[in-house]
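Data first, discussion second: the structure below is written as structure tokens.
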Amino acid sequence: MIVLGLETSCDETAAAVVENGSRVLGSVVASQIEMHREYGGVVPELAFRKHLELVNPVLDQVLRETGLGFGELGAVAVSHGPGLVGALLVGVATAKVVSGVLGIPLIGVNHLEAHLYANFLGPAADRIRFPVVCLLVSGGHTMLLYIQSHGQYELLGETRDDAAGEAFDKVARSLGLGYPGGPLIDRLAESGNPRAVSFPRAWLGDDSLAFSFSGLKTAVLNFSRSEVAADFSIPDVCASFQEAVVEVLVGKTMRAVKARGVSTVLMAGGVVCNSRLRSRMAEACAARGVDLFYPTFGLCTDNAVMVACAGYHRLCAGQRSGLDLDCFPSLPIGGLSRLGDDVRPR
Ligand code: KG4
Ligand code: ZN
């Protein structure tokens, strides 16, 4: 089945065509980062208008690149939350038109679920053995999930305040580095000493699988304003901050692995572009004999390939959305079987 994926939840307008949930026929991502950069973050009103302007050209482009006509599409999948409501509406409305006019199935996809489905593309898909623990780290979310099988999620822990990506972005802003912060800090940290400054790690107790990054963010801000800061280079501060984030992400993922006795870890979301997170997680998993999977760089950040892939799996499970599909800015990831103590009440 050939599935068209559409993604407009934040600041990327994306369309992709994927065959049978794993073979990518075409993918186009139009990033709005340049437009939002001067404001130091995503401006929802501007994002919505840019999506309106770009969604049809992006859709046309992906069809041109694949050489496919609308008639060859078998279904359309779209992110319908979580995200910015105006931004989500553009993708959902477009998907409804495609579905309604062509008479093909429509499926609404959770954007976070889509992120983790970026792991199921290509040959790796056949090697992933359930159950797995998944670390999902993006600009808006940080969570640990126990996944029993396709679509069966248990939320083990999530952030109590800032998301990991948000912490990178805010720390970069406070250091005057620019937006988005993750890639900038990652690059600067390469030449820094991760042990130069001892920033706090929020372990939140011996067994906790919850996260908290706001204390760390404030610690970096206070440090950068202090007199001692002059003795340290920006790369040293970046490397030390990054190390504090990565150590907690890896440590808590390994706690979840141990608690649930799984032998497979997945990572997903934009922060998985981080080079230190990739290498430290690989070391930790290798030491425990655990298989680790994470998407290629372009599939970690927002794209529509992951949406088409997640949609394909839902369609295969017999699910369909109606033309009354709605958008949900804080849509929880589907099928949560239990909310643990570490999970923030909604
Ligand atoms: O998943 P994503 O593209 O969008 C959301 O759904 O939020 O994630 C974007 C986030 C941003 O906060 C960005 O700073 C972060 O991912 N990010 C990184 C890196 N590349 C992107 N964080 C750390 N290191 C990176 N190399
Ligand atoms: Zn995302």
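Quick note: residue numbers are just sequence positions, from 1. One-based numbering, in listed order, for ligands and for the atoms of each.
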Notebook entry, point to check: Is there a heavy atom in His115 that sits closer than 4.0 Å to ligand 1?
Noted result: yes
Note to self: Same cluster or not: Leu136 versus Ile128, using hydrophobic residues (I, L, V, M, F, W, Y) connected whenever any side-chain heavy atoms lie under 4.5 Å apart?
What the structure shows: yes
Notebook entry, point to check: Is there a donor-acceptor contact under 3.5 Å linking the side chains of Asp186 and Ser275?
Noted result: yes
Next item on the list: Please state whether Cys10 comes within less than 4.0 angstrom of ligand 1, counting heavy atoms only.
Entry: no
Next item on the list: Identify, by atom number and element, the atoms of ligand 1 in contact range of Cys273, meaning under 4.0 Å from any of its heavy atoms.
Entry: 19 (C), 20 (N), 26 (N)
Note to self: Among all the protein's non-hydrogen atoms, which is closest to atom 26 (N) of ligand 1, and how far away is it?
What the structure shows: Asp186 OD2, 2.9 Å
Check: Under 3.5 Å, is there a donor-acceptor pair between the Asp161 and Ser212 side chains?
Finding: yes
Notebook entry, point to check: Can you find an N/O atom of Ser275 closer than 3.5 Å to an N/O atom of ligand 1?
Noted result: no
Notebook entry, point to check: Any luck finding a side-chain donor-acceptor pair between Ser240 and Gln242 under 3.5 Å?
Noted result: no
Margin query: Restricting to N, O or S atoms, which atom of His115 is closest to the Zn ion (ligand 2)?
Written below: NE2
Check: Nearest to atom 24 (N) of ligand 1, what protein heavy atom do you find, and at what distance?
Finding: Asn274 ND2, 3.0 Å
Check: Is the distance from the Zn ion (ligand 2) to some N, O or S atom of His141 under 2.8 Å?
Finding: no
Note to self: Of all the N, O or S atoms in Asp302, which has the shortest distance to the Zn ion (ligand 2)?
What the structure shows: OD1
Notebook entry, point to check: Taking the inter-plane angle between the rings of His313 and His150 on a 0 to 90° scale, is it parallel (under 30°), tilted (30 to 60°) or perpendicular (over 60°)?
Noted result: parallel
Item checked: Donor-acceptor pair between Asp11 and His51 side chains, under 3.5 angstrom -> no
Next item on the list: Report yes if some N/O of Thr301 lies less than 3.5 Å from some N/O of ligand 1; otherwise report no.
Entry: no
Check: Between Arg173 and Glu166, is the closest basic N to carboxylate O distance under 4.0 Å?
Finding: no
Checklist line | Gly182, any N or O under 3.5 Å of ligand 1 N or O | finding: yes
Check: What are the atoms of ligand 1, with element, lying closer than 4.0 Å to any heavy atom of His111?
Finding: 6 (O)
Margin query: Give me the residue, atom name and distance of the protein heavy atom closest to atom 10 (C) of ligand 1.
Written below: Gly139 N, 3.5 Å
Notebook entry, point to check: Are side-chain N/O atoms of Tyr179 and Glu38 paired as donor and acceptor at under 3.5 Å?
Noted result: no
Margin query: At less than 4.0 angstrom from any non-hydrogen atom of Gly165, what atoms of ligand 1 do you find?
Written below: 12 (O)
Checklist line | CZ/Arg23: more than 12 non-hydrogen atoms of other groups inside 6.0 Å | finding: no
Next item on the list: Using a strict cut-off of 4.0 Å, indicate which atoms of ligand 1 neighbour a heavy atom of Gly270.
Entry: 1 (O), 2 (P), 8 (O), 16 (O), 17 (N), 18 (C), 19 (C), 20 (N), 21 (C)
Note to self: Less than 3.5 Å apart, any donor N or O on the side chain of Ser9 or His111 sitting next to an acceptor on the other?
What the structure shows: yes
Checklist line | Test of proximity, Glu12 against ligand 1: N or O pairs below 3.5 Å | finding: no
Notebook entry, point to check: Do ligand 1 and Pro180 have nitrogen or oxygen atoms that lie under 3.5 Å from each other?
Noted result: no
Note to self: Using 0.5 Å steps for rounding, measure from the CZ atom of Arg49 to the CD atom of Gln32.
What the structure shows: 11.5 Å
Next item on the list: Compare Asp169, Asp302, Ile185 and give the one whose heavy atom is closest to atom 14 (O) of ligand 1.
Entry: Asp169
Next item on the list: Any atoms of ligand 1 less than 4.0 Å from a non-hydrogen atom of Gly140? List them with their elements.
Entry: 7 (O)
Check: So Phe211 and Phe213, would you call those rings parallel, tilted or perpendicular, with 30° and 60° as cut-offs?
Finding: parallel
